[in-house]
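Notes follow once the structure below has been shown.
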Amino acid sequence: MRLFRMEFYKIAARPAMGVVFLLMAAFFLLVFYQEADGVRTEIDGVVYQGLEAVAKDRELAKEYEGIFTMEKAEEIVQRFGFSGYLMGKDMEFLNLREGNFCSQFVTDKMTRFLQTQERPLGFTSGEFWENFGKYYVEGNVRFGYTKGWEKLQELWHVADLSLNVWLVLMAVPVFSEEYSRNTIEVLLSTGYGKSRDVRKKIEAALCFGVLAYLLLTFLLFGMAGLLYGWDGLGASAGMAGNYLLFAGSGYWSMGFYLFLLFLSGMVGALLNVGITLFISSRLSRPVTVATIGVALYFIPYGANQILFQLMLGMGVADNFLGWAMMDVMRIFCCSMPIYLGNPELFSIPLRWLVYVPGTAAAVFLLCIWRGYQNYRGYRRE
């Protein structure tokens with residue numbers, strides 16, 4: 001335990017990086033509060049602002065909780081109408097919505113408002129209705145006040161990305177600092193230098209990553225509950241986005257979906273630290289390790305967003321082998337840290353999600369094992 005505490009302290013006792021974490025957390029909490037404070041809602045001709053608007057929206061949503069039906073949708077429209085944008089005196093669109101949470105939900109999910117930006121005259125029919133709108137009233141979508149959880153999901157991606165970049169910088173010195181300071185030969189010559197000490201370095205780095213991740217998660221989750229309430233955790237995750245509904249995960253409860261999102265994000269943080277430890281065990285310059293670590297964090301996103309589309313345009317998917325290769329590439333990219341903490345992960349087909357944990361675990365174990373071996377077998381060139 002003494003070795004573990006010593007290694008943990010070496011990672012954590014960096015005041016400048018600690019201040020960066022606190023500023024990062026404070027920034028996201030402030031953004032969250034400002035989002036809630038900027039809520040505007042109209043209910044029965046009365047306009048509410050800020051946290052009072054949130055409370056009124058929660059009360060209204062309770063009236064329609066449960067399985068969402070066409071009857072409920074029609075009742076909401078009959079009572080409040082469809083929701084458009086407020087217009088200023090110069091007739092330019094303002095970034096403020098009319099209506100309330102319920103009318104905005106019906107308008108956004110069951111009409112083409114988000115595509116046309118024009119107030120709909122009625123429920124959309126035809127192709128849009130068949131492919132999108134009807135799924136909210138013909139399935140098992142449970143309605144509830146999910147605005148806070150939607151905001152948390154939007155903010156979480158950026159928060160998780162920022163945290164992982166910070167974790168790369170925190171894990172960089174674990175091995176490389178010993179190389180750069182020329183202390184490794186002394187450490188490896190001690191009784192536990194090639195065994196217990198190396199394991200404690202790895203354990204301390206992984207433990208630090210988990211604790212930092214959990215702290216930021218609890219702060220943001222708690223802030224969402226305090227500002228927006230805990231009501232919508234039983235509602236369907238599909239209320240947060242069409243992509244969840246059509247990927248097959250939209251009928252999960254919002255609470256279960258957020259649990260999986262945070263759990264996969266924690267796996268991503270562990271994998272991110274593991275990859276950084278491997279790089280740190282190979283290179284002696286901390287700046288180089290940090291640069292490569294951050295680059296490797298973002299590369300899977302570029303491969304998935306750019307290379308995949310490029311291969312698609314080149315016709316690689318025209319035959320079975322090419323299509324299978326592209327699927328393997330996307331599964332691998334989605335198994336990397338930048339996607340494991342990203343809500344977009346759950347937009348991929350559910351059959352792919354079976355392979356993601358195994359791929360992430362294999363890469364993690366390989367990085368940890370090679371990092372352990374590289375440090376133990378270090379030889380100055």
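The first residue of the sequence shown is numbered 1, and numbering continues consecutively from there.
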| task | Salt-bridge test for Lys56 and Asp44: reply yes if a basic N is under 4.0 Å from a carboxylate O, no otherwise. | result | no
| query | Would you say Tyr301 has more than 12 foreign heavy atoms packed within less than 6.0 Å of its OH? | reply | no
| Arg40 to Tyr48 six-membered ring, cation-pi geometry met (6.0 Å, 45°) | no
Show which side-chain atoms of residues 328-337 pair as donor or acceptor with protein atoms under 3.5 Å away, not counting sequence neighbours.
unit_1 : atom_1 : unit_2 : atom_2 : d
Arg330 : NE     : Asn304 : OD1    : 2.9
Ser335 : OG     : Ile331 : O      : 2.7

| message | Quick one, Asn164 and Ile338 - any side-chain contact, counting heavy atoms below 4.5 Å? | response | no
| task | State, yes or no, whether a side-chain contact exists between Trp166 and Leu163 at a heavy-atom distance under 4.5 Å. | result | yes
| Short N-O contact, Arg142 and Glu65, less than 4.0 angstrom | no
| request: Indicate yes or no: at least one non-hydrogen side-chain atom of Phe278 is less than 4.5 angstrom from one of Trp369. | output: no
| query | Under a single-linkage definition using a 4.5 Å side-chain heavy-atom cutoff for Ile, Leu, Val, Met, Phe, Trp and Tyr, are Phe208 and Leu211 assigned to the same hydrophobic cluster? | reply | yes
| task | Please determine if Glu63 and Arg79 form a salt bridge, counting it only when a charged side-chain N lies under 4.0 Å from a carboxylate O. | result | yes
| Are Phe32 and Trp156 near enough that their ring centres are under 6.0 Å apart? | no
| message | Ring centres under 6.0 Å, that's the criterion: do Phe143 and Tyr136 meet it? | response | no
| Can you name the closest pair of heavy atoms from Ile67 and Lys72 and give their distance? | O-NZ, 3.1 Å
| said: Is there a ring pair (Phe, Tyr, Trp, His ring centres under 6.0 Å) between Tyr145 and Trp230? Walk through the geometry before answering. | reply: CA-CA 9 Å; Tyr145 185 69; Trp230 310 93; over 10 Å; no
| message | Quick check: do Pro343 and His157 have side-chain heavy atoms less than 4.5 Å from each other? | response | yes
| query | Does atom CZ of Phe298 have more than 12 heavy-atom neighbours from other groups under 6.0 Å away? | reply | yes
| request: Using a 4.5 Å cut-off on heavy atoms from C-beta on, say whether the side chain of Tyr228 contacts that of Glu35. | output: yes
| task | Show the numbers, then the answer: is there a side-chain contact (heavy atoms from CB on, under 4.5 Å) between Asp231 and Lys62? | result | CA-CA 9 Å; Asp231 311 27; Lys62 284 184 179 295; 3.4 Å; yes
| For the atom pair CG (Asn140) and CZ (Phe68), what is the distance rounded to the nearest 0.5 Å? | 14.0 Å
| query | Would a hydrophobic clustering, with Ile, Leu, Val, Met, Phe, Trp and Tyr connected at side-chain separations under 4.5 Å, put Leu226 with Val39? | reply | no
| message | Are the side chains of Val137 and Thr69 in contact, using a 4.5 Å heavy-atom criterion? | response | no
| query | Would you call Leu296 and Asn272 a side-chain contact if the rule is heavy atoms closer than 4.5 Å? | reply | no
| task | Show your reasoning for whether ring pair (Phe, Tyr, Trp, His ring centres under 6.0 Å) applies to Phe82 and Phe113. | result | CA-CA 9 Å; Phe82 288 105; Phe113 171 76; 9.4 Å; no
| field | Any side-chain donor near an acceptor of the partner, Ser281 and Asn374, under 3.5 Å | value | yes
| Within-4.5 Å side-chain heavy-atom neighbours: Met70 and Met110 | yes
| field | Sequence-distant partners of Leu365, side-chain contact (heavy atoms from CB on, under 4.5 Å), two or more places apart | value | none
| request: Would you kindly confirm whether Leu215 and Val273 end up in one hydrophobic cluster when ILVMFWY residues are joined by side chain heavy atoms under 4.5 Å apart? | output: yes
